[in-house]
Every structure is written in C-alpha cells, then in structure tokens.
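Structure first, then comments.
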Amino acid sequence: MTDDREYGKAYPVAKAIVKPVTKVLWRIHTTGMHNVPEDGAAIFCPNHISFFDSIVLPAVLPRRISYVGKAEYLDSWKTKYIFPAVGMIPIDRGGGSASQRALDTAARVLGRGEFFGIYPEGTRSRDGVLHRGRTGAARLALRTGAPIIPVGICGTDLIQPAGASVPRPFTSCQVNIGAPIDVTRYLDRQDDHMLLRQLTDEVMYEIRKLSGQEYVDTYAGSKPEQPPAEVAAEPAPAPSPEPARVPVLPDGSVADDRDDDNEILDVRASSADVLAQWWS
C-alpha cells in the first residue's frame with residue numbers, strides 16, 4: 001500500500017495553475033481569512049451545494065488541503081495520475097469499512113499538521129438547503145485534537161448547477177470562513193455519542209450562519225416518504241412485527257446513529273468528483 005504522503009506531490013504546481021485561472025474566470029469573495037491557522041492541523045467543514053465547492057476552497061486557502069476519494073478513480077488513465085497529484089487520497093470502498101479507513105487516513109494527514117476537508121452533510125445538497133450533519137468531523141476532531149473550522153459557501157450552485165458538466169465563467173461566489181471550534185477540552189470523551197451530536201450540531205449551526213441557508217433536520221440524499229397509493233378496498237391488516245427498540249438517551253432524545261456510523265467520512269463526496277466530471 002502506498003503511503004498517503006506520496007499523494008499531492010504536484011499540489012503546488014496544480015495550485016499555481018488553478019489559482020490564477022479562478023481569478024480570471026470567477027470572482028471569489030472571501031471573509032474570515034484571519035480564522036485560517038498559519039500552521040498546524042485543522043478540519044475544514046464547508047456546506048456542499050455544487051461540484052465547484054471543491055475547487056473554490058482549495059483556491060482561497062493559503063495552505064494545502066486534502067480530501068479522500070474513491071480508489072476507482074485510479075482505474076482510469078484520465079484520472080490515475082492527476083487526482084493523486086493534486087492531493088486526493090484514494091480509499092478502497094470494498095472489503096471492510098471504507099469510512100473507517102477514510103477516518104484513519106484523515107487522522108494521519110492531521111497528525112502531520114496539515115489541513116483536511118470534510119463535507120459534514122456527506123453529499124451534495126440537491127435542494128439547496130443545509131442538511132443534518134454526520135458526526136465524522138467531530139469524531140476526527142476528538143481523535144486528533146484538531147480544531148473544526150466551519151465554512152459557508154454561497155453562489156457556487158450558480159457557477160455549476162446540478163447537471164452542468166462544466167462551470168459557468170464570469171460568475172461570482174462567496175466563501176465565508178468561520179471561527180475555529182476548539183475541542184481539546186473534550187478529548188477524553190471520544191465515544192460519547194451525545195457529545196458527537198452536540199459538536200456536529202454546533203458546526204452545522206455555524207455553517208448555517210455563514211451560508212445563510214435554511215436548515216432541515218434530515219440527512220442529504222434521504223428519500224422523502226411517499227404517501228400510500230389509493231386502493232379500491234382496504235385489505236385486512238397483516239400482523240406487524242415488533243418494532244426495533246431504539247435506546248432513549250437520558251435527555252429524552254433518541255440515540256440513533258446508524259447513519260452516522262455507516263458514513264463516518266463519506267468517500268463519495270470529494271474534490272475527485274469534480275475532476276471526474278470534467279475529465280469524463
């Protein structure tokens with residue numbers, strides 16, 4: 001297995017090309033650059049409304065930021081070399097927990113004092129609202145002690161709307177970088193589910209303020225419940241199985257982290273998805 005430090009060797013070259021190109025083709029307004037650490041590790045958590053988000057954030061940050069991506073991208077000659085060169089760390093999604101391997105990889109990156117990017121919604125919001133966050137960033141922060149930096153991105157959905165294969169030039173967007181959330185006082189509570197959810201909700205609250213989005217307490221990509229179809233006659237009710245028992249936490253809330261555990265870090269949502277669309 002290749003050390004993840006091998007990936008991103010061409011990042012300075014790629015950044016030197018991408019940054020001036022983005023300045024010419026798009027007007028990117030930024031606020032909160034004083035919240036970006038000059039050194040040391042940090043976990044950046046932006047909202048996700050467009051494929052273009054993964055181009056905008058690396059373009060404005062003064063230091064390298066890494067994401068994880070699907071190892072399948074390395075199967076294509078078009079993406080085999082460029083993706084690792086610009087810092088995508090491939091994760092094999094087969095044979096075990098891909099999310100746990102992504103978490104381990106992210107921890108190594110942060111352990112070297114680098115930036116790591118996570119979309120806490122897990123995938124792109126197709127309805128434009130801010131969805132419930134998954135606990136991966138909180139888990140990673142408590143494991144490494146790195147601060148979480150919320151980011152609100154606005155306007156990238158106009159630059160590259162859903163279904164658009166390439167971004168629209170000469171359009172503007174906004175990147176608002178929030179104050180770091182320090183987790184060092186909680187490092188002895190890594191397995192506390194209530195704390196993970198509390199930190200995640202705090203991150204989503206800050207992202208909502210920075211992005212101006214409406215917040216909905218459902219995971220992005222969740223299918224809405226469909227109303228039952230009309231029938232001519234109501235059939236006799238069949239005996240229903242006993243519902244699964246879900247533990248109730250001391251504060252009365254339901255302890256249901258099935259989605260969180262299944263998607264600690266969503267390998268699907270990465271800068272690789274952007275480049276894959278452009279290179280296909």
Side-chain angles (χ1 to χ4, degrees), residues 41-48 67-68 91 93 96-111 115-125 129-152 178-211 213-225 241-270:
I43 304 165
F44 285 81
C45 289
N47 58 320
H48 198 16
Y67 294 84
V68 292
I91 298 295
R93 296 187 297 169
S97 173
S99 60
Q100 185 60 49
R101 287 196 296 276
L103 186 67
D104 293 340
T105 300
R108 290 195 298 271
V109 170
L110 293 166
F115 290 165
F116 197 85
I118 301 174
Y119 293 118
E121 292 171 277
T123 189
R124 183 164 55 96
S125 170
V129 301
L130 184 67
H131 288 265
R132 189 178 200 229
R134 302 183 186 275
T135 59
R139 293 177 189 272
L140 188 57
L142 292 177
R143 175 172 171 175
T144 63
I148 301 174
I149 301 181
V151 180
I181 298 174
D182 183 11
V183 301
T184 53
R185 63 189 182 278
Y186 301 126
L187 297 185
D188 59 342
R189 298 171 59 188
Q190 296 184 29
D191 298 323
D192 186 334
H193 174 81
M194 291 180 64
L195 175 61
L196 292 170
R197 175 45 56 191
Q198 176 185 337
L199 287 173
T200 302
D201 289 344
E202 180 180 353
V203 171
M204 302 313 292
Y205 176 77
E206 294 299 323
I207 293 175
R208 183 185 68 81
K209 290 197 300 183
L210 293 164
S211 68
Q213 290 172 283
E214 176 189 353
Y215 176 80
V216 293
D217 196 28
T218 58
Y219 289 112
S222 299
K223 294 182 179 179
E225 294 183 3
E242 182 180 353
R245 297 185 180 276
V246 180
V248 177
L249 298 174
D251 65 350
S253 61
V254 176
D256 185 0
D257 62 350
R258 290 170 293 178
D259 291 299
D260 294 335
D261 290 339
N262 290 335
E263 301 291 351
I264 293 176
L265 290 183
D266 196 322
V267 180
R268 296 172 299 173
S270 70

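Keep in mind it's a predicted model, so treat the numbers as computed, not measured. Just the heavy atoms: all of them, side chains too, but no hydrogens, waters or symmetry mates, feed the values below.
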*asked:* I'd like to know whether Arg132 forms a side chain to side chain contact (heavy atoms under 4.5 Å, CB included) with Tyr219, so could you lay out the CA-CA distance, the side-chain angles of the two residues, the decisive distance to 0.1 Å, and finally the verdict.
replied: CA-CA 5 Å; Arg132 189 178 200 229; Tyr219 289 112; 2.9 Å; yes
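- No hydrogens or angles considered: a donor-acceptor pair under 3.5 Å links the side chains of Gln213 and Asn47.
- Minimum interatomic distance between Ser125 and His131 (heavy atoms only, all atoms of both residues): OG-CD2, 3.5 Å.
- Between the CG atom in Leu199 and the CZ atom in Arg189 there is a gap of 8.5 Å [rounded to 0.5 Å].
- Contact annotation: the side chain of Ile149 never approaches that of Ile43 to less than 4.5 Å [non-hydrogen atoms, C-beta and beyond].
- Taking the centre of each ring, Phe115 and Phe44 come in below the 6.0 Å mark.
- The aromatic rings of Tyr119 and His48 sit parallel, their planes meeting at an angle under 30°, below the 60° perpendicular limit.
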*Step by step, work out the side chain to side chain contact (heavy atoms under 4.5 Å, CB included) result for Glu121 and Met204.*
CA-CA 9 Å; Glu121 292 171 277; Met204 302 313 292; 3.9 Å; yes
Give every donor-acceptor pair under 3.5 Å between a side-chain atom in residues 179-188 and any protein atom, sequence neighbours left out.
residue : atom : partner : partner atom : Å
Asp182  : OD1  : Thr184  : N            : 3.0
Asp182  : OD1  : Thr184  : OG1          : 2.9
Asp182  : OD2  : Thr184  : OG1          : 3.2
Arg185  : NH1  : Asp182  : O            : 3.2

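- Across Leu140 and Ala106, no two heavy atoms sit closer than the pair CD2-CB, 3.5 Å.
- In this structure the side chain of Val216 never reaches within 4.5 angstrom of the side chain of Leu130, judged on heavy atoms.
- Closest non-hydrogen pair, Ala138 versus Thr200, comes out as CB-OG1, 3.7 Å.
- With sequence neighbours excluded, the residues satisfying side chain to side chain donor-acceptor pair (under 3.5 Å) with Arg143 are Asp104.
- In this structure, Pro150 and Leu210 have side chains that are in contact, with non-hydrogen atoms separated by less than 4.5 Å.
- With respect to Leu142, the side chain to side chain contact (heavy atoms under 4.5 Å, CB included) criterion is satisfied by exactly one of Asp192, Leu196, Asp191: Leu196.
- Here the CZ atom belonging to Phe116 is positioned 7.0 Å from the CG atom belonging to Leu110, to the nearest 0.5 angstrom.
- One finds the OG1 atom of Thr144 at 9.0 Å from the CD atom of Gln190 (value rounded to the nearest 0.5 Å).
- Contact record, Ala41 with Pro147: O-CD, 3.4 Å, taken as the closest heavy-atom pair.
- Between Cys45 and Val203, the shortest heavy-atom contact is CB-CG1, 4.0 Å.
- Between Thr105 atom OG1 and Tyr67 atom OH the span is 16.0 Å, to the nearest 0.5 Å.
- Note that the CD1 atom of Ile207 and the CD atom of Glu202 stand 11.0 Å from one another [nearest 0.5 Å].
- Using modelled atom types, one finds no donor on one side chain facing an acceptor on the other under 3.5 Å when comparing Arg208 with Tyr215.
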